[in-house]
Amino acid sequence: MENKQNPTVLILGSSGTIGSQLVKDLEDKPVNVRITSRKRNKVEQMVAEGKDCKFLDLDDPKTFAFALAGVDRVFLLTGYTVGMLTQSKTLVDAAKKAGVSHIVHVGVFAEWDTTDAHFAWHQMIEKYIEASGIAWTHLHPNMFMEALTSAYLPKNLTYTTYWEDRRVGYIASSDIAAVASKVLVDGPGRHAGKDYWLSVESYNGKEIARLMSEVTGLEIRCEEKGLEEFTELIEAWIANGADNWYASANIEFVRQMLDGRMSYMSMVQNDIPYILGRPAKRVREYLAENKEVLVASANQKQ
Ligand SMILES: NC(=O)c1ccc[n+]([C@@H]2O[C@H](COP(=O)([O-])OP(=O)(O)OC[C@H]3O[C@@H](n4cnc5c(N)ncnc54)[C@H](OP(=O)(O)O)[C@@H]3O)[C@@H](O)[C@H]2O)c1
């Protein structure tokens, strides 16, 4: 039975892109926020600061019970790894034992019959959550706008795309966090059994380069590279420690973008106004907020 007055929400991934913004968003809301970390010293530091923080390592289910005891609602976020399958399965089982009544999961923006591995993993996790009997809400974000200011920053006045003229839909991670916050605060009474689709605007590489040019005042051109160059990029990621399975799924993503099987990535489906009662952040707005980063990077030779 939920504590209806002040439910306890457990936030996974609170040091990450979405999670850190979600925790800030929840600061003034009528819920008890519990965060977790897989770093013992961080847990000690947070507890010393008066925060409700528990040690939890998604790769070690022995750590789940103490973190889940007394929790009403869980924000389930996993990182960029195939480990998400076992992590989520074991976490959902533990949530069931602990009497959790609502799971809000961050998945992907996909058609039901997707054949991209990373997307398929998220769908299997969603089905597992549904089968658990715990009330669920699935968030389906398309590509984070943050990709434009990290992996795909322009260099040497050039924005590089690997999927030719295909379009992709974008969403600001701050909006994903805002939706998660609203759903966790309102709870299952309002949001159980709902899929929320988060794809605000759709652009191809040339259009992104044009937007970047307008926002920065620089002339940023678009360079189209292909699957071979993308594979080289991914091999470098793997050499730098990225999860091999996840990285390989990215190659499949580009292959399927090019052959059309992932054409649904270009769809705009924006549930934000329905959930938050305000417009979602636009790509131009996001780029303008990050103008200095874009200019500095675009002016670098390599
Ligand atoms: N990027 C996109 O365009 C995109 C689009 C759609 C969906 N997604 C989905 O978004 C999710 C990632 O979100 P994000 O970018 O916010 O993640 P992120 O910034 O990479 O952060 C991952 C978080 O998970 C924590 N974590 C990782 N492994 C853990 C473990 N073994 N035990 C406990 N905590 C662990 C990290 O904690 P530490 O500080 O300890 O590392 C960190 O707080 C993925 O599931 C991805 O599929 C991404």
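Order of appearance sets the numbers: ligands from 1, and atoms from 1 within every ligand.
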Checking Arg221 against Tyr159: charged group under 6.0 Å from the ring centre and within 45 degrees of the axis? no
Residue of the set Ile129, Val100, Ile125, Val74 for which side-chain contact (heavy atoms from CB on, under 4.5 Å) holds with Val92: Ile129
Give the atoms of ligand 1, by number and element, whose distance to some non-hydrogen atom of Val108 is under 4.0 Å. 6 (C), 7 (C)
Glu252/Arg255 ion pair, N-O < 4.0 Å: yes
Can you tell me if His122 contacts ligand 1 (heavy atom of the residue under 4.0 Å from the ligand)? yes
Donor-acceptor pairs under 3.5 Å, side chain of residues 267-279 to any protein atom, not counting sequence neighbours: which ones?
from: Asn270; atom 1: OD1; to: Ile272; atom 2: N; distance (Å): 3.0
from: Asp271; atom 1: OD2; to: Trp197; atom 2: N; distance (Å): 2.8
from: Arg278; atom 1: NH1; to: Asp175; atom 2: OD1; distance (Å): 3.0
from: Arg278; atom 1: NH2; to: Asp175; atom 2: OD1; distance (Å): 2.8

Report yes or no: does Lys42 have a heavy atom closer than 4.0 Å to ligand 1? no
Please list, in number order, the atoms of ligand 1 under 4.0 Å from a heavy atom of Asn142. 5 (C), 6 (C)
Check side-chain contact (heavy atoms from CB on, under 4.5 Å) between Glu111 and all other residues, then give those that pass, not counting sequence neighbours. Asp113, Tyr264
Glu201/Arg284 ion pair, N-O < 4.0 Å: no
Would you mind listing which atoms of ligand 1 come within a distance below 4.0 Å of any non-hydrogen atom of Ile18? 16 (O)
Is the ring pair His138/Trp136 parallel, tilted or perpendicular, if the boundaries are 30 and 60 degrees? parallel
Mark the output for Thr81 as yes if a heavy-atom distance to ligand 1 is under 4.0 Å, and as no if none is. no
Per-atom contacts, ligand 1 versus Met143 - under 4.0 Å to a heavy atom: 3 (O)
Are the side chains of Leu22 and Ser14 in touch, meaning some heavy atoms are under 4.5 Å apart? no
For atom 34 (N) of ligand 1, the protein heavy atom that lies nearest, with its residue and separation: Leu58 CD1, 4.1 Å
At under 4.0 Å between heavy atoms, which part of His118 makes contact with ligand 1: side chain, backbone, both or neither? side chain
Looking only at heavy atoms, is any part of Tyr80 under 4.0 Å from ligand 1, and if so is it the side chain, the backbone, or both, or is it neither? side chain
Is the shortest distance from a Lys or Arg side-chain nitrogen in Asp57 or Arg38 to a carboxylate oxygen in the other one below 4.0 Å? no
The closest protein heavy-atom partner of atom 36 (C) of ligand 1 is Ser15 OG, 3.9 Å
With a 4.0 Å heavy-atom cut-off (strictly under), which part of Leu77 contacts ligand 1: side chain, backbone, both or neither? side chain
Give a yes/no verdict on whether any heavy atom in Gly83 is under 4.0 Å from an atom of ligand 1. no
Heteroatom proximity flag, Gly16 to ligand 1, N/O under 3.5 Å: yes
So, 4.0 Å and heavy atoms of Pro141: is ligand 1 close enough to count as a contact? yes
Pair Asp93 + Lys89: basic N to acidic O under 4.0 Å: yes
